[in-house]
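Note sheet for the following structure.
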Amino acid sequence: MHPVEAVAPRRAALLIHALPDAARSQVLAQLSDEQRAAVQALLAELRAMGIPQDRDWLSLAEQGRGGAGALFRQVDALAVADVSRALGGQPLATMAAVLGLREWTWRESVLAALAVDQRIRLNALLKEGVVLKDAMAQALLKHLLAQVGRSGLPAQDSPGERPRRPARAGSWLSRFFR
């Protein structure tokens, strides 16, 4: 059995996507025409989604395999303020990807905290539906958890808690949706 046939085509595409250009071409050349066409279509999908062609992203995706239920429960248990802060300043497509994964307990509160024009545009994106494959969704949620965990301070859900330091400059999730 050919090595690519031993794994799911999407996983193979993720692995091939992370290879340097020369190595990627070499691997693709070894596939049958049918396999190559299938993998190239998946690679085009990854490029269209803006998935970086590096091993760092692949590591995130690999960590996302398995244990999805626990990951979703952990994200669902986040404080509204933490999620709002982590998603604040992100592109609407990124916010829609996270919010559209499921009916989070904090979803409506996060939406309510947005400016009206942002909320309208985001709701339109949510109605269109942002579909992510499991590995991508899990990598995105792990990144969200990491971002929330970086602050090291409790959420400001109640008065009297110490103020948060400002979010790090730049959009930490935008690399998923370039």
Side-chain angles (χ1 to χ4, degrees), residues 8-11 13-14 17-18 41-54 56-151 153-158 161 164-178:
R10 292 195 182 283
R11 179 160 158 56
L14 283 172
H17 184 70
L42 293 169
L43 291 172
E45 182 181 324
L46 291 169
R47 282 190 300 275
M49 290 172 50
I51 305 299
Q53 290 181 270
D54 61 34
D56 291 339
W57 186 89
L58 181 61
S59 296
L60 284 174
E62 287 295 304
Q63 291 169 9
R65 294 179 58 222
L71 176 62
F72 277 83
R73 285 188 299 278
Q74 194 175 5
V75 170
D76 202 40
L78 290 173
V80 173
D82 285 334
V83 175
S84 293
R85 196 171 16 268
L87 292 178
Q90 296 302 316
L92 288 178
T94 303
M95 294 175 76
V98 172
L99 295 175
L101 287 173
R102 69 183 303 179
E103 287 295 324
W104 304 106
T105 56
W106 37 257
R107 179 179 168 166
E108 293 307 314
S109 298
V110 168
L111 286 169
L114 296 172
V116 174
D117 64 323
Q118 253 191 327
R119 188 170 47 244
I120 291 169
R121 291 191 325 248
L122 185 55
N123 277 323
L125 284 173
L126 288 168
K127 284 179 185 167
E128 290 175 18
V130 177
V131 179
L132 297 178
K133 301 302 177 199
D134 289 344
M136 177 64 177
Q138 291 177 32
L140 189 61
L141 294 178
K142 283 181 176 274
H143 220 47
L144 174 66
L145 286 171
Q147 182 66 18
V148 167
R150 279 193 188 109
S151 67
L153 298 173
Q156 285 183 264
D157 283 341
S158 59
E161 290 188 26
R164 291 267 187 175
R165 57 188 151 169
R168 185 176 58 150
S171 296
W172 59 271
L173 286 175
S174 64
R175 69 181 186 166
F176 287 107
F177 296 95
R178 282 189 196 140

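Just the heavy atoms: all of them, side chains too, but no hydrogens, waters or symmetry mates, feed the values below. Bear in mind that the values here come from a model prediction, so they are computed numbers and not experimental data.
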- Item | Presence of salt bridge, R73 and D76, under 4.0 angstrom | no
- With side chains defined as the heavy atoms from C-beta onward, is the minimum distance between L144 and Q90 less than 4.5 Å? no
- Note: R119 and A112 closest approach over all heavy atoms is NH1-O, 3.1 Å
- Message: Measuring only between side-chain heavy atoms, which start at C-beta, is L145 closer than 4.5 Å to V148?
- Response: no
- Task: State, to 0.1 Å, how close L92 and L122 come at their nearest heavy-atom pair, and which atoms those are.
- Result: O-CD1, 3.5 Å
- Message: Contact between D117 and I120 at the side-chain level, heavy atoms closer than 4.5 Å - yes or no?
- Response: no
- Distance (rounded to the nearest 0.5 Å) between T94 OG1 and L87 CG: 8.5 Å
- Audit row: L114, M95, side chain to side chain contact (heavy atoms under 4.5 Å, CB included) steps and yes/no: CA-CA 11 Å; L114 296 172; M95 294 175 76; 3.6 Å; yes
- Query: Considering all heavy atoms of both residues, which atom of L99 and which atom of R107 are nearest to each other, and what is their separation?
  - Reply: O-NH1, 3.4 Å
- Test item: H17 and R47 side chains (from C-beta on) under 4.5 Å apart, heavy atoms: yes
- Query: V110 and S84: which non-hydrogen atoms are nearest, and at how many Å?
  - Reply: CG2-OG, 3.7 Å
- Item | Smallest separation among heavy atoms of L43 and A13, with atom names | CD2-O, 3.4 Å
- Query: So, do D82 and W106 sit near enough that their side-chain heavy atoms are less than 4.5 Å apart?
  - Reply: no
- Message: Restricting to non-hydrogen atoms, name the atom on V98 and the atom on W104 that form the minimum distance, rounded to 0.1 Å.
- Response: O-NE1, 2.8 Å
- What distance do R85 atom CZ and L78 atom CG have between them, rounded to the nearest 0.5 Å? 11.0 Å
